[in-house]
**Student:** 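Can you read through this structure? Questions will come right after.
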Amino acid sequence: MPLVAQGMDVESLEFTLESISEFAARALPERVLLELDARDQFPEELARRMCGDELGVQLVFVAEEYGGMGGGALDVYRVCERMAGIDLGIATSVLATSLGSDPIRIGGTGEQQSLWLGRIASDGILMAYAATEPEAGSDLGALKTQATPVVEDGTVVAYRLTGAKQWISNGGVADAVCVLALAPDGPTWFVIDGDASGLAHGEPEHKHGIRLSNTAALFLEDVRVDADRVIGGIEGQGLRQAQEVFGYTRLMVAAFGLGAGWAAIDRAIAYSRDRRQAGGPLADKQGYTHKLIVPHAVRLEAARAAIEETATRIDAGEGSLNTEGAVAKYLASEAGVAAADAAIQALGGYGYTHEYMVEKIRRDVRITTIYEGTSEIMEMTVARDRWQQHLKTRGEYYDAAATALQELAAGHPGVGADVCALAHHALAAVFEACRRGRLTRHQHVLLRLGQMSAQVEGAAALARRAAEATAGRLSPKSSHRFDGDALAAISRVNARDVALSVASEGLRWVLGSQAEAGGGGFAAALRLESIHAAQAGLLADMDAVAAHVYRTPRPTQ
C-alpha cells in the first residue's frame with residue numbers, strides 16, 4: 001500500500017529550499033562563514049533575520065493552524081540538509097527553536113501551543129531545549145534540577161526551579177526556554193521566559209566546531225514559574241514527551257550529517273576536476289575517486305535512503321519510529337564525519353588549513369555523532385530493539401526481511417537487493433549465535449549488533465529507494481540528485497560492503513566472545529561463500545558510481 005506523505009506541497013518546499021540558498025548567497029558567503037568561525041562568533045542578527053520576514057525558515061516547523069507552513073518530516077529533513085550544507089552552526093541555532101518547542105508541540109495544552117507556536121511563527125522568537133545536565137549527560141532520568149511547588153490556599157500556583165543545564169543550544173540568546181525539572185510527581189517540562197528572574201547563562205562555550213552557534217550553560221536559582229507554564233498541565237509527563245519526538249528530532253540531526261558530509265565531498269569533487277597531477281586531473285584517477293569520493297558518496301546515500309524512508313513513514317502516521325530514527329542518525333552522522341575527513345585528505349595541505357571550508361566542515365560535523373544522542377546511544381537503542389524483535393519472532397526477524405528483499409530482487413534485479421538479502425541472513429545468524437551463547441551479556445557485542453543492524457537496514461532502504469527510482473516512482477519531494485541508474489550502482493556497491501562487513505564482524509565477535517576457537521558451522525550459516533562470490537563486479541560498479549558522481553552537477557547550496 002503506497003504511503004501518502006503529509007506536509008508542504010512540492011512547489012512550497014522547492015521555493016523554501018531556493019530561498020534558503022539565495023539568502024545564504026547574499027548574507028553568508030564562505031568568506032563571512034570563515035571569518036565568523038575564526039572569531040568564534042554567533043551571528044545573532046543573521047539568525048533572527050532567517051527567522052523573520054526576510055526568510056521565515058522557522059515557519060516550516062510550525063503547523064498551519066498556528067501560522068506556519070506545516071512541514072512534515074520529509075520537508076524538515078530537506079530543509080535541515082540544505083541548512084547544514086551552508087553552515088552547521090547556524091543550522092543548529094536556527095533549528096534549535098524547533099527542538100526547543102517540541103515539548104509544547106507534543107504535550108502542550110491547546111492554549112500553550114497557540115501561544116508559543118504562534119509566537120515562533122509570527123515573531124520569530126528563538127527557543128532553547130534545556131534537558132542535559134552537567135552530571136547526567138544523556139541520561140534524562142538522572143536529572144537533578146528541582147521544581148518545588150508554591151502552594152497558596154491549598155492550590156499549586158507556581159513552581160520554584162533550581163538547578164543547572166549544560167550544552168544548551170541558544171542557551172545565551174533564547175527568548176524562551178523549555179526546561180526539564182524534577183517535580184514531586186516526576187520529570188516535568190516547564191516553559192520559561194529567557195529573561196526570567198533567577199535565570200542566568202554562562203559564557204558561550206569555546207567549542208571544537210559549530211562555532212557559529214550559541215552554546216551556553218543555564219543556571220536556575222529559585223526561578224518562579226507560574227503553574228500554567230507546566231507543559232500539558234500535568235506533572236510527571238516529561239520523559240514520555242521527550243521520547244515521543246526522538247525519531248523526528250534524530251532525523252533532523254541525521255539530515256545535518258548528510259548535508260555537511262555532501263558539502264565536504266562536493267568541494268573535494270570540484271577540487272579534483274581542476275587539480276592536475278601526473279599528467280591529468282585527479283578526477284580521472286581511481287586512487288583518488290575510489291578511495292576519497294566513491295565510498296563516501298555511497299555511505300551518504302545509504303543514510304539518505306534511511307532518512308527518507310523513515311520520514312515518509314512518520315508523515316504517513318506510523319508513529320515516532322524512534323529506532324528507525326536512531327538508525328538514520330547513526331548512519332548519517334558517521335558517514336558525514338567520514339566524508340568530511342576524506343575531503344581534508346582529498347585537498348591535501350590545503351584541506352588542513354583554516355582558509356578552506358572542508359577543515360571547518362570537519363570540525364562542525366563531528367557534533368552530529370554526539371548531540372541528540374551519541375553514536376553509542378544510537379547503537380544501544382537499535383541493538384536493544386532488534387534483539388527483542390529477534391526473540392519475539394524466534395529468530396525470524398531478519399530472515400523475513402531477507403525474504404522480502406529477495407522478492408524485490410526478482411522484480412528489480414539490478415539494485416543489489418539480492419546481496420542485501422545475504423546481509424540480512426548473515427545478521428540473523430549472528431543474532432542467533434549470540435542468543436545461543438548468551439553473548440549479549442557483553443556490552444560491546446550488543447553495541448556491535450546495533451552497528452550491524454543499522455548497516456543492513458540502511459542497505460535495504462537504499463535498495464528499495466533505487467528500485468523506486470528506476471521505476472520512476474520516487475516522490476517528487478525526495479532528493480533527486482541521482483537518477484535510477486546511479487542509485488542502482490550505488491546500492492550494489494553498498495550492499496556488497498555491508499554484507500561483507502556483517503559477515504566478517506559477526507564472525508569476529510561471535511568467536512571473539514567465546515573461550516575456545518571454532519566456528520566452521522557458524523561460517524556456513526553466515527553464507528560467507530555466497531557473500532564472497534557476490535563481490536564480483538565491485539570495481540566496475542565503483543567505476544560507474546564515480547562516473548555518475550562526476551556527471552551530476554553540485555546542487556545549489
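Side chains included, hydrogens not; waters and symmetry mates left out as well; all remaining heavy atoms used.
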**Student:** Rounded to the nearest 0.5 Å, what separates atom CG in L474 from atom NE2 in H480?
**Tutor:** 4.5 Å

**Student:** Below 4.0 angstrom, N of the basic side chain to O of the carboxylate: do R26 and E54 qualify?
**Tutor:** yes

**Student:** Q58 side chain to C51 main-chain N or O, any donor-acceptor pair under 3.5 Å?
**Tutor:** yes

**Student:** Show the nearest heavy-atom pair for residues E334 and S375, with the distance to one decimal.
**Tutor:**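 Nearest heavy atoms, E334 then S375: OE2-OG, 2.6 Å.
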
**Student:** Could you pull out the closest heavy-atom pair between D364 and I210, with the gap in Å?
**Tutor:**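 Closest approach of D364 to I210, heavy atoms only: OD1-N, 2.6 Å.
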
**Student:** Assess the residue pair T97 and I125 against the criterion (side-chain contact (heavy atoms from CB on, under 4.5 Å)); give the C-alpha distance rounded to whole Å, side-chain angles, the decisive distance to 0.1 Å, and a yes or no.
**Tutor:** CA-CA 8 Å; T97 292; I125 65 170; 5.6 Å; no

**Student:** Which heavy atom of G261 sits nearest a heavy atom of L300, and at what distance?
**Tutor:** C-CD1, 3.8 Å

**Student:** Can you tell me how far CG of L17 sits from CE of M83, rounded to the nearest 0.5 angstrom?
**Tutor:** 11.0 Å

**Student:** Kindly write out the residues that satisfy ring pair (Phe, Tyr, Trp, His ring centres under 6.0 Å) with Y352, not counting sequence neighbours, or none if the list is empty.
**Tutor:** none

**Student:** Might you confirm whether atom NZ of K291 has over 12 heavy atoms from other residues, nucleotides or ligands at distances under 6.0 Å?
**Tutor:**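 Atom NZ in K291 is not packed in, count stays at 12 or less.
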
**Student:** Would you mind checking if R464 and E468 are paired as a salt bridge, meaning a charged N to carboxylate O distance below 4.0 Å?
**Tutor:** no

**Student:** Measuring from atom OG1 of T215 to atom CD of Q166, what distance do you get when rounded to the nearest 0.5 angstrom?
**Tutor:**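 Output value for this atom pair is 10.0 Å.
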
**Student:** For a quick check under 3.5 Å, do R366 and T369 share a side-chain donor-acceptor pair by atom type?
**Tutor:**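 Yes, T369 and R366 have a side-chain donor paired with an acceptor closer than 3.5 Å.
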
**Student:** Check for a donor-acceptor pair, side chain of W189 on one end and backbone N or O of V179 on the other, with a separation under 3.5 Å.
**Tutor:** no

**Student:** Could you check whether Y129 and S101, counting side-chain N and O atoms only, form a donor-acceptor pair closer than 3.5 Å?
**Tutor:**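 No, because no side-chain N or O of S101 sits under 3.5 Å from a partner of the opposite role on Y129.
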
**Student:** With no hydrogens and no angle check, do the side chains of S12 and D9 hold a donor and an acceptor under 3.5 Å apart?
**Tutor:** yes

**Student:** How far does CG of L28 sit from CD1 of I90, to the nearest 0.5 angstrom?
**Tutor:**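 That separation rounds to 4.5 Å.
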
**Student:** Are E301 and R304 ion-paired here, with the side-chain N under 4.0 Å from a carboxylate O?
**Tutor:**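 The answer is yes: the pair qualifies as a salt bridge.
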
**Student:** Identify whether the distance between the nearest side-chain nitrogen and carboxylate oxygen of E372 and R250 falls below 4.0 Å.
**Tutor:**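 Result for this pair is no, no salt bridge flagged.
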
**Student:** Check whether any side-chain heavy atom of L115 lies under 4.5 Å from a side-chain heavy atom of Q112, and answer yes or no.
**Tutor:** no

**Student:** I'd like to know whether NE2 of H208 has more than 12 heavy-atom contacts from other residues, nucleotides or ligands below 6.0 angstrom.
**Tutor:** yes

**Student:** Nearest 0.5 Å, please: how far is CZ in R465 from CD1 in I307?
**Tutor:**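 Rounded to the nearest 0.5 Å, the CD1-CZ separation comes to 10.0 Å.
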
**Student:** Ignoring hydrogens and angles, tell me if any N or O in the side chain of N322 forms a donor-acceptor pair with the backbone of Q243 under 3.5 Å.
**Tutor:** yes

**Student:** Could you tell me whether D193 and R229 make a salt bridge, using a distance below 4.0 angstrom between a side-chain N and a carboxylate O?
**Tutor:** yes

**Student:** So does E244 pair up with R240, basic N to acidic O under 4.0 Å?
**Tutor:** yes

**Student:** Going from CE on M542 to NE2 on H290, what distance comes out if it is rounded to the nearest 0.5 angstrom?
**Tutor:** 5.0 Å

**Student:** Assess the side chains of Y371 and T92: does a donor N or O sit below 3.5 Å from an acceptor N or O?
**Tutor:** yes

**Student:** With a 3.5 Å distance limit and no angle check, can you tell me whether T132 reaches the backbone of W167 through a side-chain donor-acceptor pair?
**Tutor:**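 Side chain of T132 to backbone of W167, a donor-acceptor pair under 3.5 Å: no, none is there.
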
**Student:** Hey, are the side chains of E355 and L34 touching, using non-hydrogen atoms and a 4.5 Å cut-off?
**Tutor:** no

**Student:** Which residues pass the ring pair (Phe, Tyr, Trp, His ring centres under 6.0 Å) test with F190, not counting sequence neighbours?
**Tutor:** Y159

**Student:** Would you find more than 12 non-hydrogen atoms of other residues, nucleotides or ligands less than 6.0 Å from E44 atom CD?
**Tutor:**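 Count over threshold, so yes.
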
**Student:** So Y330 and T381, do their side chains get closer than 4.5 Å, heavy atoms only?
**Tutor:**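 No. Closest side-chain heavy atoms not under 4.5 Å.
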
**Student:** Is a donor on one side and an acceptor on the other found under 3.5 Å between the side chain of R267 and the backbone of M357?
**Tutor:** no

**Student:** Begin from the C-alpha positions of D497 and R299 and carry the test salt bridge (charged side-chain N to carboxylate O under 4.0 Å, His left out) through to its verdict.
**Tutor:** CA-CA 10 Å; D497 288 348; R299 290 180 63 185; over 6 Å; no

**Student:** So that I can tick it off, tell me whether R273 and D284 are bridged by a salt bridge, with the cut-off set at under 4.0 angstrom between side-chain N and carboxylate O.
**Tutor:**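 Salt bridge flag = no for R273 with D284.
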
**Student:** Which pair of non-hydrogen atoms, one from T310 and one from L321, has the smallest distance, and what is that distance?
**Tutor:** O-CD1, 3.8 Å

**Student:** If only atom types and distance count, is the side chain of D175 paired as donor or acceptor with the main-chain N or O of G194 below 3.5 Å?
**Tutor:** no

**Student:** Go through the steps to decide whether S478 and E308 satisfy the test side chain to side chain donor-acceptor pair (under 3.5 Å), and finish with yes or no.
**Tutor:** CA-CA 7 Å; S478 297; E308 288 202 354; 3.1 Å; yes

**Student:** Under a 3.5 Å distance rule, please check whether S491 uses its side chain to pair with a backbone N or O of G416 as donor and acceptor.
**Tutor:**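 Judged by distance alone, no pair lies under 3.5 Å.
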
**Student:** Hey, is the main chain of L95 close enough, under 3.5 Å, to the side chain of S98 for a donor-acceptor pair?
**Tutor:**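 Side chain of S98 to backbone of L95, a donor-acceptor pair under 3.5 Å: no, none is there.
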
**Student:** Going by an N to O cut-off under 4.0 Å, is there a salt bridge joining R363 and D37?
**Tutor:** yes

**Student:** Output yes when a side-chain donor or acceptor of K165 lies under 3.5 Å from a complementary backbone atom of A217, and no otherwise.
**Tutor:**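 No, K165 side chain to A217 backbone: no donor-acceptor pair under 3.5 Å.
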
**Student:** Taking K207 first and then D40, would you say they form a salt bridge - that is, a charged N and a carboxylate O separated by under 4.0 Å?
**Tutor:**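 Answer for the salt bridge query: no.
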
**Student:** Between I106 and Q241, what is the shortest heavy-atom contact and its length?
**Tutor:** CG2-O, 4.1 Å

**Student:** Check whether NZ of the Lys or CZ of the Arg R551 lies under 6.0 Å from the centre of the six-membered ring of F482 and within 45 degrees of that ring's axis.
**Tutor:** no

**Student:** Between D75 and R78, does any side-chain N to carboxylate O distance fall below 4.0 Å?
**Tutor:**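 Result for this pair is no, no salt bridge flagged.
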
**Student:** Under a 4.0 Å threshold between the charged nitrogen and the carboxylate oxygen, would R481 count as salt-bridged to D266?
**Tutor:** yes

**Student:** Just by distance, do the side chain of K329 and the backbone of A255 share a donor-acceptor pair under 3.5 Å?
**Tutor:**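 Side chain of K329 to backbone of A255, a donor-acceptor pair under 3.5 Å: no, none is there.
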
**Student:** Between A454 and L331, which heavy-atom pair has the shortest distance, and what is it?
**Tutor:** O-CD1, 3.5 Å

